[in-house]
Amino acid sequence: MNAPVAGAPALSGLGEPMRRPLATARHLPSEFYASPGAFEQDKRKIFMTHWLCVGREEELKNTGDYFTRNIVGEPIIVAREASGIVAMLNQCLHRGVEVAFGEGNARRFICPYHAWVYDIGGKLTRAPHMEGCDADLASARLPRLHTASWRGWIFINFSATPQSFDEFIAGYEKPLWFYQTDKCRLAG
């Protein structure tokens with residue numbers, strides 16, 4: 001599981017200079033910061049497993065409000081449906097094309113490739129020309145991501161089995177409470 005990623009710079013022997021007292025410590029070699037292999041390793045070990053802050057609740061005031069983001073190459077939609085805020089992959093189930101762009105308010109998302117239609121929560125509601133298909137499309141939906149809110153911030157997690165959000169955020173609650181971000185709002 002912790003095997004090196006192909007193309008990532010070797011880290012053996014690099015830890016000692018980084019652990020020295022500040023005056024004599026050294027950073028990682030520059031090739032590490034631009035390495036595609038190191039990026040893939042960070043993506044796999046950090047971005048695809050940890051809780052990530054993607055926005056603020058006031059960005060999604062009304063049912064149908066949504067915004068899109070691209071997190072390390074993974075396109076997502078965050079939307080407010082009637083039951084609350086949801087996040088899902090922004091990739092049509094048919095050919096993987098993005099179905100939503102930017103931000104706004106919508107009742108549905110339509111894939112620009114073959115016009116598959118998804119409701120604001122990502123449920124497939126129409127798949128033109130698939131009438132004779134053997135696949136069961138009745139329960140199809142854009143893959144959901146785990147979501148949580150904390151003090152007005154929206155978090156997502158790509159992992160199928162994420163750390164509990166309460167456990168994750170507990171370490172931040174005490175040192176950050178004084179910022180009172182639940183009273184903050186986005187400015188123009």
With a 4.5 Å cut-off on side-chain heavy atoms, are [Y] and [X] touching?
{"X": "S149", "Y": "F165", "value": "no"}
{"X": "V78", "Y": "L60", "value": "yes"}
{"X": "I110", "Y": "V99", "value": "no"}
{"X": "I120", "Y": "F109", "value": "yes"}
{"X": "C111", "Y": "V117", "value": "no"}

What is the distance from atom [atom1] of [X] to atom [atom2] of [Y], rounded to the nearest 0.5 Å?
{"X": "I156", "Y": "C53", "atom1": "CD1", "atom2": "SG", "value": "10.0 Å"}
{"X": "T125", "Y": "R141", "atom1": "OG1", "atom2": "CZ", "value": "11.0 Å"}
{"X": "E98", "Y": "I76", "atom1": "CD", "atom2": "CD1", "value": "11.0 Å"}
{"X": "E131", "Y": "L137", "atom1": "CD", "atom2": "CG", "value": "10.0 Å"}
{"X": "E103", "Y": "Y66", "atom1": "CD", "atom2": "OH", "value": "8.0 Å"}
{"X": "K61", "Y": "R56", "atom1": "NZ", "atom2": "CZ", "value": "11.5 Å"}

Working for side chain to side chain contact (heavy atoms under 4.5 Å, CB included), residues N90 and F101: CA-CA 9 Å; N90 186 6; F101 304 92; 5.7 Å; no
Determine whether [X] and [Y] fall in the same hydrophobic cluster, where Ile, Leu, Val, Met, Phe, Trp and Tyr are linked whenever their side-chain heavy atoms lie under 4.5 Å apart.
{"X": "I77", "Y": "L124", "answer": "yes"}
{"X": "W150", "Y": "L52", "answer": "no"}
{"X": "F39", "Y": "I46", "answer": "yes"}
{"X": "Y172", "Y": "Y179", "answer": "yes"}
{"X": "L145", "Y": "V72", "answer": "yes"}

Just say parallel, tilted or perpendicular for the rings of F155 and F168, cut-offs at 30° and 60°. perpendicular
Does [X] reach the main-chain N or O of [Y] with its side chain, forming a donor-acceptor pair under 3.5 Å?
{"X": "T68", "Y": "G102", "answer": "yes"}
{"X": "S164", "Y": "E167", "answer": "yes"}
{"X": "R144", "Y": "G121", "answer": "yes"}
{"X": "T24", "Y": "R20", "answer": "no"}
{"X": "N157", "Y": "T147", "answer": "no"}
{"X": "K123", "Y": "A140", "answer": "no"}
{"X": "N62", "Y": "D65", "answer": "no"}
{"X": "W51", "Y": "I169", "answer": "no"}
{"X": "Y33", "Y": "A38", "answer": "no"}

Contact summary for S159 and T49, nearest pair of heavy atoms: CB-CA, 4.2 Å
Hey, is CZ on R107 packed in by over 12 heavy atoms from elsewhere, all under 6.0 Å? no
Please check if the distance between the ring centroids of F47 and F158 is under 6.0 Å. no
Let me see the working for E173 and R151 under side chain to side chain contact (heavy atoms under 4.5 Å, CB included), right down to the final yes or no. CA-CA 10 Å; E173 183 64 44; R151 295 183 170 266; 2.6 Å; yes
Assess whether side chain to side chain contact (heavy atoms under 4.5 Å, CB included) is satisfied between R95 and H114, documenting all intermediate values. CA-CA 9 Å; R95 297 288 186 219; H114 287 116; 4.1 Å; yes
Checking side chain to side chain contact (heavy atoms under 4.5 Å, CB included) for the pair M130/W116: CA distance, chi angles, key distance, verdict? CA-CA 10 Å; M130 297 297 287; W116 282 30; 3.7 Å; yes
Between E74 and R44, does any side-chain N to carboxylate O distance fall below 4.0 Å? no
Test: R69 and E59 ion pair at under 4.0 Å: yes
Regarding W153 and E57, do their side chains bring together a donor and an acceptor under 3.5 Å, going by distance alone? no
